[in-house]
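Counting from 1, the numbers follow the sequence of the chain as shown. What's counted below: heavy atoms across the whole structure, side chains too, no hydrogens, waters or symmetry copies.
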Amino acid sequence: MEETVNKKAAEEKKKKRTSLKSILGGDILATDFFRRQTKLLVLIMVMVIFYIHNRYASQQQQIEIDKLKKELIDIKYDALTRSSELMEKSRQSRIENYISSKESDLQTSTNPPYLIK
């Protein structure tokens, strides 16, 4: 009687051992533990897929943000350049030189401006 109990215990140990062959062959997925935990394993897989997707989406958004920041800096520099060009062209001395080169009768006023009330 004791021999049969020992044989059964040895057989159960053999069944419980996991070898590389059983892992690669997929036999490990048929064990009782994995069958009981299928819902948990599916939940973990869904969470992993969600995590990977979330990280990918955030990286894409960060790339877009960096691109827009560079574009904004370029536009700011362009606006500054145009503003300085406008200031240069609208100076009184430049306007006087332009008018004198066109042989116009216009002249700069010698009287200071005054307010009309």
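- Within 6.0 Å of CZ on Phe34 lie more than 12 heavy atoms contributed by other residues, nucleotides or ligands.
- The CD atom of Glu71 lies 13.0 Å from the CG atom of Asp66; values are rounded to the nearest 0.5 Å.
- Under a 4.0 Å N-O distance rule, the pair Arg36/Asp32 qualifies as a salt bridge.
- To the nearest 0.5 Å, the span separating CD on Glu88 from OG on Ser83 amounts to 12.0 Å.
- In the hydrophobic cluster analysis, where Ile, Leu, Val, Met, Phe, Trp and Tyr join through side-chain heavy atoms closer than 4.5 angstrom, Ile44 is grouped together with Ile52.
- Counting Ile, Leu, Val, Met, Phe, Trp and Tyr side chains that sit under 4.5 Å apart, directly or through other members, Tyr114 shares a hydrophobic cluster with Ile116.
- A heavy-atom distance below 4.5 Å is not found between the side chains of Gln61 and Glu64.
- Atoms CZ and CG, on Phe33 and Leu41 in that order, are 7.0 Å from each other to the nearest 0.5 Å.
- To the nearest 0.5 Å, atom CG of residue Leu43 and atom CD of residue Gln37 are 11.5 Å apart.
- Atom CG of Asn54 and atom CE of Met47 lie 11.0 Å apart (nearest 0.5 Å).
- With a 4.5 Å cut-off between side-chain heavy atoms of Ile, Leu, Val, Met, Phe, Trp and Tyr, the cluster of Tyr77 takes in Ile73.
- By the side chain to side chain contact (heavy atoms under 4.5 Å, CB included) test, Arg82 is found to be paired with Asp78, residues two or more places apart in sequence or in another chain being considered.
- Atoms CD1 and CD, on Ile99 and Gln92 in that order, are 9.5 Å from each other to the nearest 0.5 Å.
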